[in-house]
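When reading the values below, keep in mind they use all heavy atoms of this one structure, side chains included, and skip hydrogens, waters and symmetry mates.
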Amino acid sequence: MENKSDENKYIRAKERVVQLRKFYGNLTSYIVVISGLAILNYWINEWRYAWFLWAAFGWGIGIVAHAIGTFNLNPFFGKDWEERKIKEYMEKDNDKRKWQ
């Protein structure tokens, strides 16, 4: 039983690392691309119209959403809520099987 528990912990930890790697990759891409667009914007029209901000704003919304999911910042459906629901459904399933 302990071996299975360790295996489950390893799988969850590995999934968490994958989530973090994806988020940091997305954040790095955002910084590099938006910086490049800002430089291009300055080179083309010297800030007369800062069009790169449209891309920064749109992609920034996605980055914030990704961060909320990655770091469990959602107060309504966070990790604690998820764990409680999983336990609840597992208990319901066990009770159902007892009476069959």
Side-chain angles (χ1 to χ4, degrees):
M1 188 70 164
E2 189 175 315
N3 188 24
K4 194 72 156 171
S5 177
D6 289 342
E7 186 176 331
N8 287 339
K9 287 179 185 178
Y10 175 78
I11 290 170
R12 282 190 303 227
K14 188 173 181 176
E15 288 172 356
R16 182 79 178 121
V17 169
V18 168
Q19 280 182 328
L20 287 170
R21 185 178 64 225
K22 286 179 182 179
F23 173 74
Y24 289 129
N26 192 2
L27 184 61
T28 302
S29 298
Y30 174 81
I31 291 169
V32 169
V33 171
I34 296 302
S35 298
L37 288 176
I39 291 167
L40 181 65
N41 188 181
Y42 180 76
W43 186 57
I44 291 174
N45 65 13
E46 298 177 352
W47 306 121
R48 283 188 291 269
Y49 178 67
W51 51 262
F52 80 96
L53 292 176
W54 290 104
F57 179 71
W59 197 350
I61 291 171
I63 291 285
V64 169
H66 198 170
I68 287 170
T70 300
F71 297 108
N72 300 316
L73 301 176
N74 188 340
F76 302 107
F77 299 110
K79 194 68 171 170
D80 294 335
W81 176 85
E82 187 176 316
E83 290 295 326
R84 282 193 316 264
K85 280 304 201 184
I86 289 170
K87 287 178 184 176
E88 178 185 326
Y89 286 127
M90 288 173 64
E91 287 172 4
K92 282 182 183 179
D93 190 45
N94 285 339
D95 289 343
K96 189 176 181 181
R97 289 181 187 201
K98 284 180 185 176
W99 298 103
Q100 285 182 352

> Does Ile34 share a hydrophobic cluster with Ile39, counting links as ILVMFWY side-chain heavy atoms below 4.5 Å and allowing steps through other members?
Replying inline: no
>> Go through it in stages, so that I can follow the logic: the residues are Lys87 and Glu83, the test is salt bridge (Lys or Arg N to Asp or Glu O under 4.0 Å), and I'd like the CA-CA distance, side-chain angles, deciding distance and then a yes or no.
In response: CA-CA 6 Å; Lys87 287 178 184 176; Glu83 290 295 326; 5.5 Å; no
>> Does any part of the side chain of Thr70, heavy atoms only, come nearer than 4.5 Å to the side chain of Arg16, both counted from C-beta?
In response: yes
Please report, to 0.1 Å, the donor-acceptor pairs under 3.5 Å made by any side chain of residues 58-67, with sequence neighbours excluded.
from  : atom 1 : to    : atom 2 : distance (Å)
Trp59 : NE1    : Asn26 : OD1    : 3.2
His66 : ND1    : Asn26 : ND2    : 3.0

> Is there side-chain contact between Leu40 and Trp51, with at least one heavy-atom pair below 4.5 Å?
Replying inline: yes
> Stepwise, does the side-chain contact (heavy atoms from CB on, under 4.5 Å) test hold for Arg12 with Lys9?
Replying inline: CA-CA 5 Å; Arg12 282 190 303 227; Lys9 287 179 185 178; 3.5 Å; yes
> Are Trp54 and Tyr49 an aromatic pair by the rule of ring centers under 6.0 Å?
Replying inline: no
>> With rounding to the nearest 0.5 angstrom, report the CD to CG distance, Gln19 to Asn72.
In response: 7.0 Å
>> As an exercise, state the distance from CZ of Arg84 to OH of Tyr89, rounded to the nearest 0.5 Å.
In response: 12.5 Å
> Under a single-linkage definition using a 4.5 Å side-chain heavy-atom cutoff for Ile, Leu, Val, Met, Phe, Trp and Tyr, are Tyr24 and Val17 assigned to the same hydrophobic cluster?
Replying inline: no
> Same cluster or not: are Leu37 and Trp47 linked, directly or through other Ile, Leu, Val, Met, Phe, Trp or Tyr residues, by side-chain heavy atoms under 4.5 angstrom apart?
Replying inline: yes
> So, for Tyr42 and Phe52, is the gap between ring centers shorter than 6.0 Å?
Replying inline: no
> If two hydrophobic side chains count as joined below 4.5 Å and joins carry through other members, does Val18 share a cluster with Phe23?
Replying inline: no
>> Please determine whether residues Leu73 and Tyr30 belong to a single hydrophobic cluster, defined as Ile, Leu, Val, Met, Phe, Trp and Tyr linked transitively by side-chain heavy-atom distances below 4.5 Å.
In response: yes
